[in-house]
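Here is the structure we will look at, set down as C-alpha cells.
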Protein chains: 2
Amino acid sequence: MDLPPSTAAFVLHFGEMGSRWGINRTVGQIYALLFLSDRPLPADEIAQSLGFSRSNVSMGLKELENWRLIKLQHLPGDRREHFTTPDDVWAIVRTLAEERRKREVDPTLTLLRDTLMQTPRSDAEKHAHKRMESLHEVISLLTGWMDDVQKLPDERLVALLKLGGRVARVLEATDRFHEIVTRKPRRKAQEG
Amino acid sequence: MDLPPSTAAFVLHFGEMGSRWGINRTVGQIYALLFLSDRPLPADEIAQSLGFSRSNVSMGLKELENWRLIKLQHLPGDRREHFTTPDDVWAIVRTLAEERRKREVDPTLTLLRDTLMQTPRSDAEKHAHKRMESLHEVISLLTGWMDDVQKLPDERLVALLKLGGRVARVLEATDRFHEIVTRKPRRKAQEG
DNA sequence: CGATATGTTCAGGAATTTCTGAAATGACAA
DNA sequence: TTGTCATTTCAGAAATTCCTGAACATATCG
C-alpha cells in the first residue's frame, strides 16, 4: 500500500467501520479508496494498492455493484473496467439509505405485518402482539419520513437538516400563521 | 425453544438482522426475546428458551448492557437477576442512535477532522482532501440534526416525522412569512 | 462455617466468514 | 479461428468470530 498516509488511514478506518456494519473489511477499504481517488480505478490497481488478491477485489466490486454504490466506466484505449463512486456525497447517502431499507427494513415490516394479522391467543402472545404493534408503528413512521425526504431536492434537504430541532418552533409559528392566512384568501391580513 | 410460533419467528428474524449489523445473532435473539416478553426474564430462562449455553447468554447480556439496551431488575423472593427492555420503543430508538453515534460516527468525524487539519501535497492528496471535506460536511449536518431532534420530546418528534416532506412546503411559506415579519419591526412593510 | 445458588471468565473447539490461487469464462483483435 | 487480456467462479486454506463447558468468583442462606 504506497498510498499517502492520510489516504491509508482513511481506508483502514473505513474498513473497520464497514466490518461493524454487515460489510466486510475488504469491501469497505475498496470503497474508501475509490471514494478518495481522483480518477476511475481498474480492479488490478485496487488489488495492488490494497494488497488484496485480484479475485477478492473482483468479489468486493461485485458486492458494491449490488449495493449500487459504484459506477463502471470504460476509458478510451484501455480494455479494463474502471470504477468510481458518485461525485455527490448526498447521492451516496441516498443510495445507502435506499438499499439498507430494501434489505433490512422492508423485510422486517413484512414480518411484523404478517404476524399482526394473526390473532394472539395466550396472555403472553397478546403482550407480544402489542409490542410488535408499537415497533411496527415506530418503524413505519421513520420509513415514511425517509420516503418523504428522499423526494426533496438536495438543497431543501440540507435546509431542513440545518433547521434541525428549530423546526419544532417553526411548526408552532406556522400553526398560527396558517391559521391566520387560511382563514380568508389574503386581501385582509388580519381579521376577527 | 417452546415459544409461540410468532415469537419464535420474530426472534429468529431479529437474530438474522442483528448479524447484518455488527451485532451477533445470539445477542439479537436475546434482545428480541426480552422485547416481546411480558415479564423480566432471568438468564437461565433465556438460555433455556433459546437453546444457548448459560455462559453465552451471560456474555450476550453483558453486551446489551454496554449498549444500555436492557435494564436489570430484582424480583422479590428471587435471587436471580432479571432483565427487561424499556417499555417505550422511542426510548430504545434514542439509545440505539446515541450508542451507534458514539461508537461509529464520532470516531469517524475525529479522523476526518484530524486529516483535514493537514495540508495536502500532491494533486491526488488535494483531491482526497476535498472529498473528505464534503464527507465531513454531510456527516456533520446529519449528526447535528440528530442532536437537535434528540432534544425534542416524543410527541414533537412524532409530529415532525409525520409532517415529513411537507415540512419543505412549510419552509417556503415560512421564508415568506419571515421575510415579511422581519423586514422592519412592522410599521413600514417595505423599504429600498 | 459449609452448602447451595447465581454469575463471570476464559481456553480451546466449532462454526462461519473471508480470502486466495487456479481454472473457467468471456471479450475482443488479428 | 487463435491468442491475449480481463474478469469471474469456486474449492479449499486461512482467519475470524462464536460458543461451550469447566473452573472460578460471589452471594446468600441455614
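Naming: A, B, ... by sequence-line order, numbering from 1 per chain. The model shown is predicted, which means the values in this text are computed figures rather than measured ones.
Remark: the backbone N or O of B:T110 is not paired with any side-chain donor or acceptor of B:R113 at under 3.5 angstrom.
In this structure, OG1 in A:T108 is found 6.0 Å from CZ in B:F14, a value given to the nearest 0.5 Å.
If one axis is set at each end of the helix from C:dC1-D:dG30 to C:dA30-D:dT1 from five pairs, those axes are 10° apart, to 10°.
When all heavy atoms are compared, the tightest approach of A:L75 to A:P40 is CD2-CG, 4.5 Å. The two residues B:A43 and B:V57 come nearest to each other via the heavy atoms O-CG1, 3.7 Å. Of all the heavy atoms in B:D87 and A:R131, the pair that sits closest is O-NH1, 2.6 Å.
Taking every heavy atom of residues 60-82 of chain B and every atom of DNA chain C, pairs under 4.0 Å involve B:K62, B:R79, B:R80, B:E81, by number.
Set against C:dT9, D:dC18, C:dT20, the side chain of B:M59 has C:dT9 as its closest nucleotide. Ranking C:dT20, D:dT8, C:dT8 by closeness to the A:S53 side chain, first place goes to C:dT20.
Checking A:R79, A:R80, A:R54 one by one against A:D44, the salt bridge (Lys or Arg N to Asp or Glu O under 4.0 Å) holds for a single residue, A:R80.
Two residues, B:V27 and A:S55, neighbour DNA chain D, and the one matched to the more 5' nucleotide by heavy-atom proximity is A:S55. Closest-nucleotide positions on DNA chain D for A:D44 and A:S19 were compared, and the one nearer the 5' end corresponds to A:D44.
Contact annotation for A:N56: base contact, defined as any heavy-atom pair under 4.0 Å involving a base atom.
Separating the CZ atom of B:R25 from the P atom of D:dC18 is a distance of 9 Å, rounded to the nearest angstrom.
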Please list, one pair per line, the donor and acceptor atoms closer than 3.5 Å that link side chains of residues 89-102 of chain A to other protein atoms, with sequence neighbours excluded.
unit_1 : atom_1 : unit_2 : atom_2 : d
A:R94  : NE     : A:D154 : OD1    : 3.3
A:R94  : NH1    : A:Q150 : O      : 2.7
A:R94  : NH1    : A:Q150 : OE1    : 3.4
A:R94  : NH1    : A:L152 : O      : 3.4
A:R94  : NH2    : A:L152 : O      : 2.9
A:R94  : NH2    : A:D154 : OD1    : 2.9
A:T95  : OG1    : A:A91  : O      : 3.0
A:E98  : OE1    : A:R68  : NH2    : 2.8
A:E99  : OE1    : A:K102 : NZ     : 3.3
A:E99  : OE1    : A:R103 : NE     : 3.1
A:E99  : OE1    : A:R103 : NH2    : 2.9
A:E99  : OE2    : A:R68  : NE     : 2.7
A:E99  : OE2    : A:R68  : NH2    : 3.1
A:E99  : OE2    : A:K102 : NZ     : 3.1
A:R100 : NE     : A:E104 : OE1    : 3.2
A:R100 : NH2    : A:E104 : OE1    : 3.4
A:R100 : NH2    : A:E104 : OE2    : 3.4
A:R101 : NE     : A:D106 : OD1    : 3.1
A:R101 : NH1    : A:D147 : OD1    : 2.3
A:R101 : NH1    : A:D147 : OD2    : 3.3

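The local environment of CD in B:E65 is crowded, with over 12 non-hydrogen atoms from other residues, nucleotides or ligands closer than 6.0 Å.
At D:dT7, one or more side-chain N or O atoms of A:R54 fall inside 4.0 Å of OP1 or OP2 (strictly under the cut-off).
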